[in-house]
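Written out below as C-alpha cells is the structure these notes cover.
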Number of protein chains: 2
Amino acid sequence: MRNIIFALNDDSPKYKQIYEQFKLLIERGDIQPDKQLPSIRQLAESLHVSRNTTLTAYDLLVAEGYVRGEGRRGYFVNEIDPISFTEALIAPNKKQTKPVTPVHIDFRAGAVDQAHFPLKIWRRISNQILTFQESFLYGDPFGELCLREQIAIYLLHSRGVKTDANAIIIGSSTQQMLIQLGHILKDDYSSVIVEDPGYDGAREAFHFHRLTLETLSVYETGADFSQLEQMKSQVIYVTPSHHSPIGVSMSIQQRQMLIQWANKRDGYIIEDDYDSEFRYTQQPFPALASIDSSRVIYLGNFSKSFLPGIRLSYMVLPQTLLSRYKQQFLHFESTSSLLSQLTMAKFIEEGEWNRHIKRMRLVYKRKMQHIVSALNEHFEQHISIIGEQSGLYVLVKVHLKYSEEELIERASLAGVKVYPTSLYFINNNTSEPMIKLGLSNLSNDEIGRGVELLKKAWL
Amino acid sequence: MRNIIFALNDDSPKYKQIYEQFKLLIERGDIQPDKQLPSIRQLAESLHVSRNTTLTAYDLLVAEGYVRGEGRRGYFVNEIDPISFTEALIAPNKKQTKPVTPVHIDFRAGAVDQAHFPLKIWRRISNQILTFQESFLYGDPFGELCLREQIAIYLLHSRGVKTDANAIIIGSSTQQMLIQLGHILKDDYSSVIVEDPGYDGAREAFHFHRLTLETLSVYETGADFSQLEQMKSQVIYVTPSHHSPIGVSMSIQQRQMLIQWANKRDGYIIEDDYDSEFRYTQQPFPALASIDSSRVIYLGNFSKSFLPGIRLSYMVLPQTLLSRYKQQFLHFESTSSLLSQLTMAKFIEEGEWNRHIKRMRLVYKRKMQHIVSALNEHFEQHISIIGEQSGLYVLVKVHLKYSEEELIERASLAGVKVYPTSLYFINNNTSEPMIKLGLSNLSNDEIGRGVELLKKAWL
C-alpha cells in the first residue's frame, strides 16, 4: 500500500482528487482499517504534487474521520464512522431536503418585491461607489455623514421630523439599534413598556439588557392607554404609524397624550416607524418625533421600503441622549456596510429613493387591493381582514373551528405557506386565530392562486 | 410682499430654489422680521408648482429658524438666529474644513490596497447576486449557510481549524461578535484577561458587558505568561498569530501552555486571528483553534484581507457554547449584509478568494520591504522597526527626544499623517514613543516620499 499512484486530471483541485480517491478506497474496503497511508512526502513525490497538496487531502480525510494522524508514525485508516460534520465538508452545495408537499405559494412577510426593484440604477451606483477611495477605508462609527444628511432631509419632508445629520445614528438593524440604545438607557431605567401583541424582535433586544417588560394591550381599535397610568416604567416602545402586527394607527390625540405621559414621567418614547412609507388610504400621520423631539427616539429602516439584505437602519436621538451615546460608542466600529451606505446616500441624492417609494406604494397598494378582494370573495363571513390600510401584509382572523397551528398545517398540505401571529402576543391573547399573509414578493396571480388554495385548505 | 415671483430653473429641485430665495431675502433684510409670507397655496399658484413643493420649502425655513408657522394665520419671518443644525441642512455636501497643512501622505492602517482590488470580478458576482430570489429576503440570523460552508473549508486549509458550517457565526465586525459572545460568557465569567498593549476595540466590547479586565503584558519578545498563574480570570483574549499591535507571534510552546491553562481553569481562549493571511517570512503558525477546538473561540474577518467596508466577520464556537449561543440569538436578525455574504461565498467558491490572498500577500510584502528599507536608509540607528514580518503596518520606535504627540505633530506639519500606539497600552507603557505606519493603501512611491518627509520632520 505504500506505492500508490493515482491518475490526476486538471478538472478539479488536485488535493480534492487525492482526497476523493482515498475516500473511495477506504469506503470500498480496498484499504483496510489500521493500514498505514503513504507519508505526506512519499505521496507528494509519487504524484508529482506539492506536500501542501497531499497535506490538505490528508487533513480533509482526518477531519472527516476516514483517517487518523498518529504524530510521527504517520496516517492510519479508521473504521468508517461518519461523524457530525462530515456532511458539511463533503457536500457544501447540497441544499436542505424538500418538504413533503412542495410550497407553491409563500405568503412570507419578510421580503420585498423583486420585479420592481431598481436593479439597473442600484447596480450603476454601487459599481461607481467601488471606485471611490473612501470605499477602501473603515467608515464613520456612527454612519456615513452623506447618508445621515440625506436621511435628515428625507425625514423632514416625509415624516415632519426636524433633525440634523449629527443626531442620526446608522446601524444594521432595528434590533441592533435597540441593543445599543438599551445600553445607555439601562443606567437610568430598569423597565420598558412594550405593546401586546408587538414586535418580538424588540422584546428580545430589551431582554438582552435584562430590562423588565410591562405590556400595553393593543386591539384592533387601538391601544388601551388607560393602563399607562398604573405602570411604573418611564420608557415605552411603540409602533404608532402602523402597529406591528395589528396595523392600527395612533390618533393625534393619543400621540399627544403619549408625549405628555413621557414628559410627566421624565421618560422616553421609542418610536419604531418601520414601514410608514406604505400607507394606502391617506397621508401617513406625522411621526411622534415631529411633535416632540426631546422625548422621542425615532427608529427607521430600509428593510421594508428597499431591501432587507442591505441591513440599513437608523435612529434619531434626542439631544439629551446623543452625547452619552456618542461617548459610549465612539470606539465601536459601525455595523453596517460602508458600501451600502454610500450607495444609498447617492441613490437618495439622485432622487431615486423618492421615485422608488412612489412606485412601490402603487405596486403594493394594488397587491393589497387584490388580496383583500380575493379573500372577501372566497371566504365571505368566515374571516375578518385586519390592517389592509398599510404595510406589506394583512392579518386574517379566521372564524372557523381550527387552531392557528391547524390552519398553518392545512395550508401547508395544500402547498401554501402562511404565518402565525401568536408569537407576537404576550398575555393579550385573541379568542380566534390570526394568520399573517405577506404579499410583497408575490404577483397578483400568485396571490389569487394562494387564496384559492387556502380556501380549499380551510373551508 | 404677498405677490412674490421667483424665476425657477431646472437645475435643482424647485423646493430648494424657493427655500434659497427666501433665505437670501431674509438674510439680506429684504423681508423684515414679523412680516407674513405668502400662504402655501398662494405661493404654489403664483409659481406654478405643487403645494407640496412650497410646503417643503417652508418646512425647511421653519426647521432652520428663518420662519415660524403660526397655525392658520400663516408663516412669519423670524429675527435671524442661526441654530445648531442649520449647517447640516443648508450645506449637505460641504466637506469638513481642511487642516492648515494639507496631508500629502497618510500612513493610515485602517485601509486596504485599492489598486489591486478585484473590482471587475467582485462587481460581476455582486451584480449576479442581485438577480437571485434569496437576495430579496431576510437572511439567516447566524449568517448564510453557503458562506459559512466556504469559511469552514478555508479555515481547514489555511489555518488547520477543523470545524463545520454549523459552528460558524457570521457578524458584521469583530467587536460585534465580541459583544454577542460576551453576552453568553458573562453568565459564568466576570472578568477577562486582555493583552497590554492590545486591541482597544476588544476592550470596549468587554466594557460593554462590564466585565473586569486583567492585563497580560506583551513585549517585543512576546507575552509574559508567568503572570497568568496569579490571575483569577478564566477567559483570555489574545492575538496569537500577529500580536496587535506589537506583531510578535506566540511560539507553539506558548500556544500549548495557553491551552493547558484554559483546560485547567475550565475557561476559554478568544483567539482573534485578524490578519493571519499576511505573513511574509514564513508559513503562518497554526491557529490555537487547530490545537484544541473545545477551549478556543476563533475570530476571523474580511476587513484586512479584503475590504473593511463590507463588514464581514465570523467566529467559530466550541460545541459547549454553540447551543447556548444559538438559543440566545435565534430571534436576532443578522447584522451583516446578505448581499455581501452571498457575493463573498461565490467569490470564495470560484477560487477568487485564494487568488486574491496570494496576490495581496505579494503586493503587501513588497510594500513592507520597501518601507523597511526606506526607514533603515533614512533613519539608521535613530529608530527600531517592529513587526515587519507580517500584517499591513509597522511600528517604529523612535529614539529621539520627541514624545509621541510631538512626533505626530511634527509629521503633520510636514504633510504626513502618522498614528499613535499609546491608545493600545493600559499599564505596560514603553519608555520610548512608538509610531504606527500603515502601508496598505500607499504605493511604493508614496511610501518613499512619506519616509523622506518624516526624516525632515523628525531628524
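Reminder, nothing fancy here: chain letters follow the sequence lines and each chain counts from 1.
- Heavy atoms of A:Q175 lying under 4.5 Å from chain B belong exclusively to its side chain.
- At a heavy-atom cut-off of under 4.5 Å, chain B is reached by A:F117, A:L119, A:W122, A:R123 from residues 115-125 of chain A, listed in order of number.
- Contacts between B:Q176 and chain A at a heavy-atom distance below 4.5 Å involve the side chain alone, from C-beta outward.
- Only the backbone of B:S135 comes within less than 4.5 Å of a heavy atom of chain A; no side-chain atom from C-beta onward does.
- With chain A as partner, the option from B:Q328, B:R148, B:Q133 having the largest number of non-hydrogen pairs under 4.5 angstrom is B:Q133.
- Using a 4.5 Å cut-off between heavy atoms, A:T131 contacts chain B through both its backbone and its side chain.
- Under the 30°/60° scheme for interplanar angles, the aromatic rings of B:F208 and A:F329 are found to be tilted.
- Among B:G309, B:A111, B:S172, the residue with the largest count of heavy-atom pairs under 4.5 Å with chain A is B:G309.
- Ranked by heavy-atom pairs shorter than 4.5 Å toward chain A, the options B:G201, B:S334, B:G160 are led by B:S334.
- Within a 6.0 Å sphere centred on CZ of B:R51, heavy atoms belonging to other residues, nucleotides or ligands number 12 at most.
- Here A:N354 pairs with A:Y154 under the side-chain contact (heavy atoms from CB on, under 4.5 Å) rule; sequence neighbours left out.
- Put simply, of B:R108, B:H207, B:E333, the one with the most heavy-atom pairs under 4.5 Å next to chain A is B:E333.
- In this structure, the side chain of B:E204 does not engage the main chain of A:H331 through any donor-acceptor pair within 3.5 Å.
- Contact count versus chain A (heavy atoms, under 4.5 Å) is highest, among B:H209, B:Q341, B:R210, for B:R210.
- Taking B:L312, B:L423, B:I179, B:D200 one by one and counting their heavy-atom pairs under 4.5 Å with chain A, the maximum is reached by B:I179.
- For A:N127, the parts lying near chain B are the backbone and the side chain together; criterion is any non-hydrogen pair under 4.5 Å.
- For A:L130, the parts lying near chain B are the backbone and the side chain together; criterion is any non-hydrogen pair under 4.5 Å.
- Neither the backbone nor the side chain of B:F306 comes within less than 4.5 Å of any heavy atom in chain A.
- Contacts of B:S303 classified as side-chain contact (heavy atoms from CB on, under 4.5 Å), with partners at least two apart in sequence or in another chain: A:Y138, B:N301, B:P308, B:R311.
- Within the structure, the salt bridge (Lys or Arg N to Asp or Glu O under 4.0 Å) test picks out the following pairs touching residues 109-119 of chain B (sequence neighbours left out): B:D113-B:K367.
- Once rounded to the nearest 0.5 Å, the distance linking OG of A:S340 with CG of B:L339 reads 6.5 Å.
- When side chains are defined from C-beta on, B:I310 does not count as touching A:L338, because their heavy atoms never get closer than 4.5 Å.
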